[in-house]
Amino acid sequence: MAETPARHLMARIGRISRAVVGWAFLLLGLAVLSAWPLSSIPRNPHWSEPDEGVTIMVESNGVHTALVMPLVTPEKDWRGTFPAADISASDRAYSHVSVSWGEKEIFLNTPTWWDLSPLSVLRIAGFGGDSLLHVAHYVRPVPTSHMRPVTVSRNEYQKLVSTIEKVAPVARTRHYPGYGAQDVFYDAPGNYTFTNTCNQWTSNSLAAAGIRTGWWTPFAGGVMKWVPDPS
């Protein structure tokens with residue numbers, strides 16, 4: 001039977017779709033295989049933790065990382081940038097703010113990683129995704145293996161502040177309810193891709209401040225391996 005133009009078109013679309021899916025999973029596989037060795041290559045290799053300065057924390061839930069900073073220091077008062085009025089539990093005596101960057105669809109509509117659809121993975125692999133800033137407010141967070149403190153110089157902290165301010169909300173930036181009463185999401189600039197992940201944003205922010213961290217850190221472990229476990 002002769003192939004009709006419609007059948008020919010559908011066959012071509014099928015070949016292209018299979019090729020796109022194949023390349024997407026190939027890129028994902030390469031990212032996984034390269035993550036651990038490349039995360040072991042240091043940026044700012046000669047950095048050492050000072051005796052005095054500002055103590056920040058690097059936070060991880062095993063998949064996603066965040067930077068936890070004092071709410072108020074001489075270098076920055078985050079209350080004007082991330083007002084407690086944007087969260088439900090606005091009347092608590094917060095001492096720290098946790099900031100992370102990530103993909104909008106995953107942040108808002110993927111409650112757990114088991115809910116992550118293959119289509120979302122393919123979309124990010126092929127085209128990337130819009131980004132959000134996730135901000136949580138804490139009251140005197142306690143150091144743990146998932147909340148690791150590190151002291152940086154005041155000059156390094158000022159550089160870290162400047163980096164975060166580049167993605168911080170401005171007037172009339174849209175925000176969205178968080179996972180609970182103490183957190184919120186804000187629209188943020190940037191395109192989330194497999195080469196520019198939430199964890200890569202964390203390590204890029206640390207590196208821009210002059211702090212030692214890994215070179216390629218798409219996964220949380222690649223970030224946390226550079227911060228000593230207090231336990």
Side-chain angles (χ1 to χ4, degrees), residues 39-40 42-44 47-84 86-87 89 92-102 107 132-169 178-186 188 197-215 217-231:
S39 70
S40 299
R43 289 184 279 181
N44 306 310
W47 178 84
S48 60
E49 189 171 353
D51 294 329
E52 296 180 353
V54 179
T55 298
I56 65 172
M57 293 180 172
V58 182
E59 178 185 15
S60 172
N61 63 4
V63 177
H64 180 77
T65 54
L67 296 170
V68 181
M69 300 164 291
L71 190 61
V72 181
T73 64
E75 290 75 24
K76 178 67 177 181
D77 184 341
W78 290 110
R79 292 175 297 183
T81 307
F82 306 123
D86 288 345
I87 61 175
R92 299 176 184 174
Y94 294 111
S95 62
H96 289 71
V97 62
S98 169
V99 181
S100 60
W101 179 92
F107 262 153
L132 288 181
L133 207 63
H134 182 230
V135 177
H137 296 255
Y138 295 152
V139 178
R140 296 184 297 279
V142 177
T144 67
S145 60
H146 299 290
M147 183 87 73
R148 301 182 182 183
V150 58
T151 299
V152 301
S153 72
R154 294 200 172 275
N155 182 55
E156 289 163 348
Y157 182 64
Q158 183 60 67
K159 292 179 181 178
L160 182 63
V161 167
S162 297
T163 297
I164 294 173
E165 285 178 331
K166 293 176 182 178
V167 294
Y179 299 125
Q182 296 177 235
D183 65 314
V184 63
F185 292 104
Y186 298 95
T197 67
C198 52
N199 299 309
Q200 191 65 37
W201 179 86
T202 301
S203 66
N204 285 347
S205 299
L206 293 170
I211 302 162
R212 184 173 59 242
T213 188
W215 189 264
T217 60
F219 304 113
V223 178
M224 301 304 287
K225 69 197 292 185
W226 294 98
V227 188
D229 186 340
S231 61

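Heavy-atom basis, side chains included; hydrogens, waters and symmetry copies ignored.
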For a quick test of reading the model, state the closest non-hydrogen atom pair linking [X] to [Y] and the distance between them.
X	Y	value
Glu59	Ser98	OE1-OG, 2.9 Å
Gly53	Arg154	O-NH2, 3.9 Å
Lys159	Ala209	CB-CA, 3.8 Å
Val184	Asp86	CG2-O, 3.7 Å
Thr217	Ser39	CG2-CB, 4.0 Å

For the residue pair [X] and [Y], establish whether any side-chain heavy-atom pair is separated by less than 4.5 Å.
X	Y	answer
Phe107	His64	yes
Leu160	Val152	no
Tyr138	Met57	no
Asp183	Ile87	no
Lys76	Thr81	yes
Val99	Val167	no
Pro149	Pro230	yes
Trp226	Asn44	no

Cut-off 3.5 Å, side chains only: do [X] and [Y] have a donor facing an acceptor?
X	Y	answer
Ser40	Lys225	yes
Ser60	Arg148	no
Thr65	Asn199	yes
Glu156	Ser153	yes

Drop me the distance from [X]'s [atom1] to [Y]'s [atom2], to the nearest 0.5 angstrom.
X	Y	atom1	atom2	answer
Leu206	Leu67	CG	CG	5.0 Å
His137	Ser95	NE2	OG	11.5 Å
Met69	His96	CE	NE2	10.0 Å
Ser48	Ile211	OG	CD1	11.5 Å
Thr163	Glu165	OG1	CD	9.0 Å
Met147	Asp229	CE	CG	13.0 Å

For the side chain of [X] and the backbone of [Y], is there at least one donor-acceptor N/O pair under 3.5 Å apart?
X	Y	answer
Glu49	Thr151	yes
Gln200	Trp215	yes
Arg43	Gly214	yes

Worked verdict on Tyr157 versus Thr55 for side-chain contact (heavy atoms from CB on, under 4.5 Å): CA-CA 9 Å; Tyr157 182 64; Thr55 298; over 6 Å; no
Just to verify, which of Trp101, Phe82, Tyr186, Tyr179 counts as forming a ring pair (Phe, Tyr, Trp, His ring centres under 6.0 Å) with His134? Tyr179
Counting only heavy atoms from other residues, nucleotides and ligands, does the tally under 6.0 Å from CZ of Arg79 exceed 12? no
